[in-house]
Amino acid sequence: MRISQLFGKTLRDVPAEAETVSHQLLLKSGMIHQLAAGVYSYLPLAWRVLRKIENIIREEMDRAGGQELMMPVLQPIEIWQQSGRDRSFGKTLFTLCDRRERTLVLGPTHEEVITLLISYNVRSYRDLPLLPYQIQTKLRDEPRPRAGLVRGREFIMKDLYSFDVDTAGLDKNYQAMLRAYNNIFTRCGLPAIMVEADSGAIGGKDSHEFMLVAPSGEDEIIYCEGCKYAANAEKATSIKGKVEGGEPAAIEEVATPGMTSIEQIAAFFKVPQSRTLKAVFYAADGAVVFVVIRGDIEVNEVKLKNLLHCDELRLATEAEVSKAGIVAGSASPVGLAGIKIVADDSITTGTNFIAGGNKPDTHIRNVNYPRDFKVDIIADIARARAGDSCPKCEGKLASTHGIEVGHAFKLGTFLSEKMGASFTDAEGVTKPIVMGCYGIGVSRLLSAAIEQNHDDKGIIWPLPIAPFQVHICALYMENPQVAATAEKLYAELQAQGIEVLLDDRMESPGVKFNDADLLGMPVRVTVSPRSLEKNSVEVKRRTEKKPTLLPLDGIVEKLRELISG
RNA sequence: CGGGGUGUAGCGCAGCCUGGUAGCGCACCUGAAUGGGGUUCAGGUGGUCGGCGGUUCAAAUCCGCCCACCCCGACCA
């Protein structure tokens, strides 16, 4: 491709709307253009990258037994009602009415469609397993699109769905997919780390996410410095540790005028915050829930939501709290009645805690569970933090941020039961098909790649997904020798199957070098009168500072070596 | 949905407070010079000032409503 003819112009100033690096560079390099919030056109350079990523994904999916197909974007709302997921998706579903006033959904994903499709095509255990997959645009009316392609309302996604006769088959395919995902990210030159993940509203047992580590990532990853444990902070657990509180003593009321926070209470009683019990109030589908947790630990709302099996979970409002008869600031499970109490298991890690007195300006000491209060549910609902101990090896946990680029779920039979996807086994018994699903955010991966691979000059493409492998900067194209050499090299490289971008514009060297750095092809070749005097060209990897002078003789071979690894 | 911010040429911005019919840089076009990290000079094209309504002799500017986009939060298989 000649830059003079390339559709897409680089900018000097970055559009003000972009904050994250990848968004800025995608816009500055002219690779994408925004049409509406979270909706972008992909210009040729971006499209080349996306196609390369897609092709790597295709190869690995096919190798793992996948079969590519294409499914409708337009889906009747009824299939979402059938699965019940119209409620869990809620307003995120784009909906529209056709001329007959039928409500249609713009597919945010395709589990419903594929499961129905499978139900029409599978009768016998002999028809299974099946691993259909799709690489398509999906649409979600995100509450807040952000960071360019990282969270769009229209985005490209690969989803593979596994259909098995039993959980053993699911487990096998699940493991195969995790391996395929590792292959994919490695082949893309984008090392992703696999973390344990929350399976979300859709349910299911195991779930893993693949994260590209980047400071700007939306997700927090908790990982162990000692072993291989790594989990999304939404899912991560840690060892809470014992708190020495002595032999259980008698309950004692203490006046604590004006003190409502854990900091104040701990300071007043001259004890660490871990010796206190904290009360937090939530509204789960509108009903107030009283949550008790050790004072030094925060509530993990994802865990809590899963525990309560509710559609909506939020902090309760002051009005809801007081209406429930709770004294905010001095609330306590001790003596509380008529309200659901959920406790974190951290309340069992010590004795003689300090808790609220359930009346203003009063706390009580020497509170012990279960001697002094009862709870409805006790479970792990704590947020694991860096510095905590690893649940696997008791090593030290650390935290970092990442962009979720892949997600695997064991769905089980939830959807197949809802959608009527069953088969007859060898004994003639009808059973629901056991499902899994496995997604990769293709367009997000493009952004994440840049987020992870750039410098202050621009993008640094990993070779396997670079739009072009070689970028020829022809300085002073009006010089006939430069033009002839650049053209010849351009043609010869292409004849070798090498992807080349030729900067044939009448621009100054500075402009060309800056654009080459911005666009970020792995290898830059500079053809100029200066180097031609020595029958040479300058070759520089994008990651290197200084170019190397290489003789024209045999240059094609040299370049081929460079880009073959 | 709550909080904050911004809408003036393709991009970045000034002008608005104190009304008088729009300006700068980049990009683009023409010409000349220059020649290895966004080079210089001269000339030129391009704008419903987000939209609608109001006030006024006169509105980018003042007032009202609406819309879009961005950021924080909520939210986000």
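Here is how names work: the chains are called A, B, and so on, in the same order as the sequence lines, proteins then strands, and each is numbered from 1.
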Can you list the residues that meet the ring pair (Phe, Tyr, Trp, His ring centres under 6.0 Å) rule with [X], with sequence neighbours excluded?
X      : answer
A:F290 : A:F281
A:H454 : none
A:F155 : none

Sort out the partner of [N] for me: Watson-Crick or G-U wobble, both distances under 3.5 Å, none otherwise.
N     : value
B:G47 : none
B:C17 : none
B:U39 : B:A33
B:G7  : B:C67

List for me each residue that meets side-chain contact (heavy atoms from CB on, under 4.5 Å) alongside A:T109, sequence neighbours excluded, and say none if there are none. A:W80, A:R85, A:F89, A:E111, A:K138, A:R140, A:D159, A:Y161

Using nucleotides 11-13 of chain B, report all nitrogen or oxygen pairs with the protein that are shorter than 3.5 Å.
unit_1	atom_1	unit_2	atom_2	d
B:C11	O2'	A:D13	O	3.0
B:G12	OP1	A:A16	N	2.7

For nucleotides 1-5 of chain B, tabulate all protein N/O to nucleotide N/O atom pairs closer than 3.5 Å, reporting atom names and distance.
none

Considering every strand and a 4.0 Å limit on heavy-atom distances, what is the contact class for [X]: base, sugar-phosphate, or nothing?
X      : answer
A:E478 : base
A:T109 : base
A:E538 : base
A:D159 : base

Residue pair A:K138/A:Y40 against RNA chain B: nearer the 5' end by closest nucleotide is A:Y40

Set of side-chain hydrogen bond (donor to acceptor under 3.5 Å, both in side chains) partners for A:D166, sequence neighbours left out: none

A:D455 bridged to A:K457 by N-O distance under 4.0 Å: no

Please determine whether any donor N or O and acceptor N or O are separated by less than 3.5 Å between the side chain of A:R314 and the base of B:C75. no

Inter-nucleotide P distance (B:G25, B:A14), Å rounded: 15 Å

Say we look at B:G50 and B:A68: how far apart would their C1' atoms be, to the nearest angstrom? 7 Å

Pair A:E142, A:R151 - check salt bridge (charged side-chain N to carboxylate O under 4.0 Å, His left out), show working. CA-CA 8 Å; A:E142 291 288 350; A:R151 183 173 293 279; 3.3 Å; yes

Taking only the side-chain nitrogens and oxygens of A:Q34, find out if one of them lies under 4.0 Å from OP1 or OP2 of B:C70. yes

Tell me whether the OP1 or OP2 atom of B:C76 has a side-chain N or O from A:K305 closer than 4.0 Å. yes

Counting only non-hydrogen atoms, which of residues 509-518 of chain A are less than 4.0 Å from RNA chain B? A:P509, A:G510, A:V511, A:F513, A:N514, A:D515, A:D517

Whole-Å distance between [N] [atom2] and [X] [atom1]?
X      : N     : atom1 : atom2 : value
A:L27  : B:C70 : CG    : P     : 11 Å
A:F155 : B:C76 : CZ    : P     : 15 Å
A:R444 : B:C76 : CZ    : P     : 14 Å

Contacts satisfying side-chain hydrogen bond (donor to acceptor under 3.5 Å, both in side chains) that involve residues 471-480 of chain A (not counting sequence neighbours) are none

Which residues pass the salt bridge (Lys or Arg N to Asp or Glu O under 4.0 Å) test with A:E507, sequence neighbours left out? none

Among all residues two or more places apart in sequence or in another chain, which pass the salt bridge (Lys or Arg N to Asp or Glu O under 4.0 Å) test with A:D504? A:R2

Assess whether atom NZ of A:K540 is packed by more than 12 heavy atoms of other residues, nucleotides or ligands within 6.0 Å. yes

Enumerate donor-acceptor pairs with a distance under 3.5 Å from any side-chain N or O in residues 444-452 of chain A to protein atoms, sequence neighbours excluded.
unit_1	atom_1	unit_2	atom_2	d
A:R444	NE	A:V150	O	2.7
A:R444	NH1	A:E404	O	2.8
A:R444	NH2	A:V150	O	3.1
A:E451	OE1	A:S22	N	3.1
A:E451	OE1	A:S22	OG	2.6
A:E451	OE2	A:S216	OG	3.0
A:Q452	NE2	A:V213	O	3.2

